[in-house]
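This report refers to the structure that appears directly beneath it.
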Amino acid sequence: PSSRSLYTNHWAVRVRGGPQEAERLALKYGFNNLGQIGSLEDHYHFHHSKVVRRSTFSTRGPHSFIHMDPKVDWIQQQVVKSRVKR
Amino acid sequence: YTSNDLNFIHFNDPKWSSMWYIHCGDKNNRCRSEMNILAAWQRGYTGKNVVVTILDDGIEKNHPDLSQNFDQLASYDVNGNDHDPTPRYDSSNENKHGTRCAGEVAAVANNSHCIVGIAFNARIGGIRMLDGDVTDVVEAKSLGIRPDYIDIYSASWGPEDDGKTVDGPGPLAKQAFEMGIKKGRKGLGSIFVWASGNGGRQGDHCSCDGYTNSIYTISVSSTTESGAKPWYLEVCSSTLATSYSSGEFYDRKIVTTDLRQRCTDGHTGTSVSAPMVAGVIALALEANPLITWRDVQHLLVKTSRPAHLKASDWKTNAAGHRVSHLYGFGLVDAEAMVVEAKKWRNVPPQHICTETSTYRTRYIRADQQLNATITTSGCADHPGQQVVYLEHVVVRVLISHSRRGDLQINLVSPAGTRSQLLAKRLFDNSNEGFRNWEFMTVHCWGEKVEGQWTLEVLDSPSQMRNPEVLGKLKEWSLIFHGTSEHPYHSHSSQHSRSRMLEIPSPGPSLERKALVLLPEEDEEEGEEEEEYSGPCHTECRDRSCDGPAADHCLNCIHFSLGNLKTGRTCVSHCPRGYFEDTEARRCRRCAKGCERCVGQGPGACRSCRRGLYLYGADGTCMESCPVGYYAEEIQRRCLKCHENCMRCLRDADRCTACSKGYSLAGMTCVPECADGTFFHLEEMKCSPCHHSCFTCTGPGKEECIHCAQDFLQQDWACVPVCSEGYYPGEAASLAQRMCRRCEENCLSCQGPGVTCSRCRDGYSLVGGSCIINATCNNADEVFCEMVKSNRLCEKKLFRQFCCKTCLIAG
């Protein structure tokens with residue numbers, strides 16, 4: 001993301017081990033697991049209610065430790081994408 | 001041209017007479033309804049059993065024109081995380097867009113309300129996803145909802161059309177597209193229809209929109225009734241087809257459903273063009289539900305026509321297709337789509353061949369055209385990747401440039417077809433260049449891939465720039481998509497060389513046939529073969545052959561490559577992906593993914609194809625290395641990580657996850673230390689934390705992770721008692737106590753909210769809150785009554801000023 005990005009309190013996470021493992025990880029780091037992302041297997045949508053909803057920088061806190069968890073293959077804090085109706 | 005006799009189809013919907021793009025109401029003139037929708041209906045196709053959904057700001061499911069066809073299972077509210085796609089209503093009707101698009105596809109016919117949809121018996125749903133923060137997750141979720149149930153996803157949105165944005169789907173949305181075309185519709189592939197951009201007036205180019213520019217989307221542009229270019233239309237080479245939409249104030253508009261159960265003929269921009277084409281595709285899917293996502297694109301290429309669309313750049317490519325940067329292959333033709341779909345046989349599997357330029361960085365000099373070339377055989381050495389007949393061509397470029405908008409890029413195919421991948425964009429001042437941006441063209445569809453491809457890059461400075469800073473073409477690749485065999489010849493009875501449509505009017509239909517004649521490539525049947533008596537190829541054994549080429553040999557000196565089905569040829573050495581079976585004198589295929597091997601069995605592979613890595617003693621080629629191994633790029637092997645690392649990156653000791661008993665410090669795995677200690681990297685041993693910490697990352701008191709017993713976390717430190725202005729409270733998710741801040745201006749409190757017992761100087765305690773020692777003006781009886789009745793004291797500003805004054809005033 002560029003320096004103008006707006007970070008949200010939503011994350012996309014790729015976790016091996018199925019939905020139960022995703023749920024366990026979400027709980028461990030204080031996230032709310034909103035379920036699988038569409039049809040993408042092993043990809044889950046996490047939300048953190050204690051992180052500011054929109055921020056110009058990626059916020060750090062206890063939740064950030066999830067980035068280092070060995071069960072997490074990939075994680076990305078979601079940025080707002082400007083989309084216009086045509 | 002269709003007959004202007006309306007007696008054969010008439011609907012009682014009040015706007016039916018205004019739907020000029022479906023039929024003509026002018027009894028004195030033959031008129032142009034060249035999308036031939038009536039004719040498709042007359043053949044019995046109205047979208048039955050086809051499911052379409054609109055990705056947008058929701059749809060009004062109880063609209064009288066939509067309710068009958070509304071499909072709950074094709075709907076979802078991604079913004080609200082529930083199953084109701086109803087738009088959020090506000091005074092400006094901001095969220096009307098999805099409802100307007102939906103009507104164009106599947107408004108109910110003959111219900112005395114508003115309009116008739118192009119596929120008026122199709123099921124219609126809505127995915128509400130634009131009424132909130134749009135993120136990669138939101139897009140990926142939306143594109144992947146019920147892919148086995150929904151046939152067509154129609155979207156009329158995208159990145160800003162301001163002429164300076166270059167943006168597209170993120171990694172998750174890209175995966176969702178790929179998953180959709182691979183697995184959607186039970187393996188036939190989801191169909192994504194996308195509206196081309198509205199940034200014509202801003203000089204925008206739809207190649208800078210990664211959604212319309214994707215091979216997975218059917219990019220649709222617009223034309224006015226007269227065939228003129230609407231003011232909003234963007235040019236680009238990835239547009240596949242066109243339908244009608246609104247134009248200037250004097251042009252007739254499109255009518256459709258609107259919020260609050262209404263109809264509208266308001267300006268529609270390019271947005272209704274996508275649902276119109278989605279409707280036409282729904283008719284084709286009813287005619288043949290077994291066509292794949294690629295068949296749909298082939299059908300559109302084959303049947304769309306320039307008709308009366310005005311563009312200065314119409315050209316005929318080497319495969320005989322007429323194509324333009326404004327309209328792609330032209331106006332969609334619903335009748336031709338259903339006729340062709342009905343008899344269609346699936347095109348052969350898609351092959352992908354990638355060629356990367358071997359040149360190092362080349363400078364782009366102002367006002368000089370840089371020509372870079374790649375010569376390709378279409379991966380002829382790799383049967384699984386070989387492309388002979390083209391579909392999409394993707395050009396991936398890495399360009400650095402101080403002003404992106406000054407660049408123009410063209411691609412010239414071996415047959416001489418020039419596509420403009422990018423035009424100058426006056427508003428684009430970005431210095432970001434193009435970082436592996438993928439341009440796409442459909443203009444070479446059906447052409448042969450083999451030969452020299454030329455990328456032309458032109459930098460025309462439109463304003464003062466530092467002349468010493470030159471742009472650089474650092475890297476570029478061509479990604480050819482297509483088939484190794486002719487897409488239609490393998491089933492010639494289904495794909496006649498000319499489109500034999502049963503169109504009543506003889507003149508125009510003949511003209512139409514002439515436009516789509518494919519080049520004659522096969523030998524005529526019945527032609528007798530003459531015995532060959534010339535010299536044989538040097539690879540032929542015993543000088544026995546039936547022609548001069550290596551594939552005419554009867555026996556080979558060295559090795560034979562290929563099989564009876566694909567044809568055999570003699571070679572001196574086997575190409576990559578094969579090994580030399582000297583006994584049988586044949587090139588035999590290596591195991592899947594293996595580029596160099598000495599046999600077929602386990603352990604025979606010596607190196608893998610690009611993008612794959614050799615793993616383990618059995619020599620398997622893998623896309624990514626398993627846990628505990630990293631991908632070594634030079635030898636393309638999976639090598640073991642350091643024993644302390646569970647996962648590593650590029651080197652054995654660049655760890656990204658650690659084995660049990662170790663934890664990550666930077667990219668090194670260090671032993672896990674007991675509670676109350678941390679791993680000291682300089683001393684390489686576990687050292688004690690600060691006494692206030694239970695666990696920590698360093699020796700300081702502000703490096704605690706968890707606090708020691710009897711300590712509370714306050715901001716980033718652990719303290720024995722909370723400081724002034726804080727109160728002890730429970731943390732929501734951590735098993736330790738925290739000091740939380742009292743209300744503003746409060747020095748001492750018992751808990752959250754209005755529980756203050758001592759205030760800062762300049763503030764007074766009023767009802768548990770600290771109120772500033774000041775009074776507001778106008779605190780008379782009437783004003784205070786207004787404060788009270790509007791409950792302004794619940795708002796911070798008023799509580800600080802007028803509430804106190806009003807309280808004192810009684």
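This is a predicted model, so every value here is computed, not measured. To find a chain, count down the sequence lines: A is the first, B the second, and so on, and within it residues start at 1.
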Segment of A:H43 engaging chain B (4.5 angstrom heavy-atom cut-off)
side chain
Less than 6.0 angstrom separating the ring centers of B:H97 and B:W157, yes or no?
no
Is it the side chain or the backbone of A:S82 that comes within 4.5 Å of chain B heavy atoms, both, or neither?
both
Would you find a donor on one side and an acceptor on the other, under 3.5 Å apart, between the side chain of A:Q77 and the backbone of A:T8?
yes
Validation row, ring centre B:Y76 to ring centre B:H83 under 6.0 Å
yes
Check whether B:D148 gets within reach of chain A through its side chain, its backbone, both or neither, counting any heavy atom under 4.5 Å.
neither
Chain B heavy atoms under 4.5 Å from A:K28: which part of the residue, side chain, backbone, both or neither?
neither
Main-chain N/O of B:Y211 paired with B:T217 side-chain donor or acceptor, under 3.5 Å
yes
Do B:T270 and B:S222 pair up side chain to side chain, a donor and an acceptor below 3.5 Å, judged on atom types alone?
yes
When the 4.5 angstrom heavy-atom criterion is applied to B:T165 and chain A, the contacting part is neither
Contact leader toward chain A among B:A140, B:S156, B:G269, B:A657, where contacts are heavy-atom pairs under 4.5 Å
B:S156
I need the residue from B:Q175, B:K183, B:R647 with the largest number of non-hydrogen atom pairs under 4.5 Å to chain A.
B:R647
Would you mind telling me which of B:R146, B:M179, B:M646, B:E139 has the largest number of heavy-atom pairs within less than 4.5 Å of chain A?
B:E139
So, the part of B:Y232 with a heavy atom under 4.5 Å from chain A: the answer is neither
At a heavy-atom separation under 4.5 Å, does B:V627 approach chain A through its side chain, its backbone, both, or neither?
side chain
Parallel, tilted or perpendicular: which describes the rings of A:F31 and A:H48, with under 30° parallel and over 60° perpendicular?
perpendicular
Against chain A, work out which of B:V134, B:N198, B:D57, B:V78 has the most heavy-atom pairs shorter than 4.5 Å and name it.
B:V134
Salt bridge flag under 4.0 Å for residues B:R201 and B:D161
no
Decide, yes or no, whether a salt bridge links A:D73 with A:R16 under the criterion of side-chain N to carboxylate O below 4.0 Å.
yes
